[in-house]
**Q** 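First the structure, then my questions, so here it is.
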Amino acid sequence: MPLERTLVFLKPDALVRRLAGEIISRFEKRGFVIVGMKLTCITEDFARSHYAAHEDKDFFEPLVRYTTSGPSLVMVLEGKDAVRVVRDMLGRTFGGDSPPGSIRGDYALSNRYNLIHGSDSLEAAVVEINRFFNPEELVAHNRENIKWIYDMTGTEIV
Ligand code: UDP
Ligand code: MG
């Protein structure tokens, strides 16, 4: 089972509300490893391309303003089933619909200010990782230390 990589970013509200440590901690405790990280103000061009699928929606312009309103913390997380599991950890799109125990379900109520983005498919993850990171900005971890996160008694990571 190859390990997946997914792109997440803590949106400006997460940083204003001082929730970065809390949210990163959840991913670390779950077993994901950070392979890339940058604190950056997402530019309007990046925000428009990142959310291009929503450009016809009435919330598109406010979403671009929100995304560019302050620093975001952009990360690449690596782990088993990273794309699906990280999306599950986020909750649902609207904070108020998200179950307790999820990031949005514990810290968000808004439909827009929902703290965090996570890639929604493996294909999207590849595009998004390449949008925000050059290959040399991603680190290789020694995988020796993951044997208590995954069952590696056989040849596969389970
Ligand atoms: N959003 C919004 N109003 C809506 C739906 C979405 O402002 O009615 C914002 C919200 O911040 C969301 C982002 O647009 O995270 C992208 O929407 P999407 O449906 O892709 O949600 P996500 O994949 O982030 O759960
Ligand atoms: Mg989405």
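For reference, positions follow the sequence shown, starting with 1. One-based numbering, in listed order, for ligands and for the atoms of each.
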**Q** Is there a donor-acceptor pair under 3.5 Å between the side chain of R30 and the backbone N or O of V85?
**A** no

**Q** Using a plain distance cutoff, I'd like to know if N114 has any nitrogen or oxygen under 3.5 Å from a nitrogen or oxygen of ligand 1.
**A** yes

**Q** Looking only at heavy atoms, is any part of R92 under 4.0 Å from ligand 1, and if so is it the side chain, the backbone, or both, or is it neither?
**A** neither

**Q** Can you name the atoms of ligand 1, numbered from 1 with element, that are less than 4.0 Å from a heavy atom of R87?
**A** 22 (P), 23 (O), 25 (O)

**Q** CG of L109: more than 12 outside heavy atoms within 6.0 angstrom?
**A** no

**Q** Check each of H50, K11, H54 against atom 19 (O) of ligand 1 and report the one with the nearest heavy atom.
**A** H54

**Q** Check whether the side chains of D151 and T153 place a donor and an acceptor atom closer than 3.5 Å, and report yes or no.
**A** yes

**Q** Of the protein's non-hydrogen atoms, which lies at the shortest distance from atom 4 (C) of ligand 1, and what is that distance?
**A** F59 CD2, 3.4 Å

**Q** Give the numbers and elements of all ligand 1 atoms closer than 4.0 Å to a heavy atom of Y51.
**A** 16 (C)

**Q** Within the 4.0 Å heavy-atom shell around L63, which atoms of ligand 1 are there?
**A** 9 (C), 11 (O), 13 (C), 14 (O)

**Q** Under a 4.0 angstrom heavy-atom cut-off, which atoms of ligand 1 come close to F94?
**A** 4 (C), 5 (C), 8 (O)

**Q** What residue and atom, counting heavy atoms only, is the protein's closest point to atom 7 (O) of ligand 1, and at what distance?
**A** R112 NE, 3.0 Å

**Q** Tell me every residue that passes side-chain hydrogen bond (donor to acceptor under 3.5 Å, both in side chains) with R48, counting only those two or more places apart in sequence or in another chain.
**A** E44, E61

**Q** Answer with yes or no whether R104 contacts ligand 1, where contact means a heavy atom under 4.0 Å from a ligand atom.
**A** yes

**Q** Does L73 belong to the same Ile/Leu/Val/Met/Phe/Trp/Tyr cluster as F32, with side-chain heavy atoms less than 4.5 Å apart forming each link?
**A** yes

**Q** Would you verify whether the NZ or CZ of K11 falls within 45 degrees of the ring axis of Y66 while also being under 6.0 Å from that six-membered ring's centre?
**A** no

**Q** May I have the step-by-step check of ring pair (Phe, Tyr, Trp, His ring centres under 6.0 Å) for H117 and F9, ending in yes or no?
**A** CA-CA 5 Å; H117 166 82; F9 59 80; 5.0 Å; yes

**Q** Report the member of T93, D58, D13 with the shortest heavy-atom distance to atom 21 (O) of ligand 1.
**A** T93

**Q** Below 4.5 Å, heavy atoms only, C-beta onward: do Y150 and L3 meet side chain to side chain?
**A** yes

